[in-house]
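Working notes for the structure below.
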Amino acid sequence: MKKGFTLAEVLITLGIIGIVAALTIPTLIHNFQVKALKSQLLETFSLVNQAVGLMKANESIPSLYNYYTIYDINRGGFYHSAEFKEKFAKYVKMQKTRKHLKL
């Protein structure tokens, strides 16, 4: 007499493995996506922070906040924003800019 598993036992085992996989794989994928997004965010923050530091040093600006956040209601908002975008673009590689955005 040969020893082995019956077809029913194999199918039940595969069904249990499938259910466990269906419950765990979405969680693993979500965790991976969260870690990837966090890594990209930290890298972007670091690059922007370095660009701002270089900009401040090269342009001799002690505080970007005080220099570029001058608000004038008669001019329709922050009137140094175009100057900031122009100078900041020198320190980062931009793939695409949107001209219709108003800051």
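- To the nearest 0.5 Å, atoms CG (L47) and CG (L42) are separated by 11.0 Å.
- For the pairing with T27, the side chain to side chain contact (heavy atoms under 4.5 Å, CB included) check across L23, T24, N31, I25 returns one residue only, N31.
- Distance check: L28 CG to H30 NE2 gives 11.5 Å after rounding to the nearest 0.5 Å.
- Between A21 and P26, the shortest heavy-atom contact is O-CD, 4.2 Å.
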Q: Using the side chain to side chain contact (heavy atoms under 4.5 Å, CB included) rule, take V10 and T6 through it: C-alpha gap first, then chi angles, then the decisive distance, then the call.
A: CA-CA 6 Å; V10 172; T6 65; over 6 Å; no
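- Put simply, NZ on K87 and CE on M55 are 6.5 Å apart, with the number rounded to the nearest 0.5 Å.
- Among residues two or more places apart in sequence or in another chain, the side-chain contact (heavy atoms from CB on, under 4.5 Å) test is passed with A51 by F88, Y91, V92.
- Applying the salt bridge (charged side-chain N to carboxylate O under 4.0 Å, His left out) criterion to K90, with sequence neighbours excluded, gives no partner residue.
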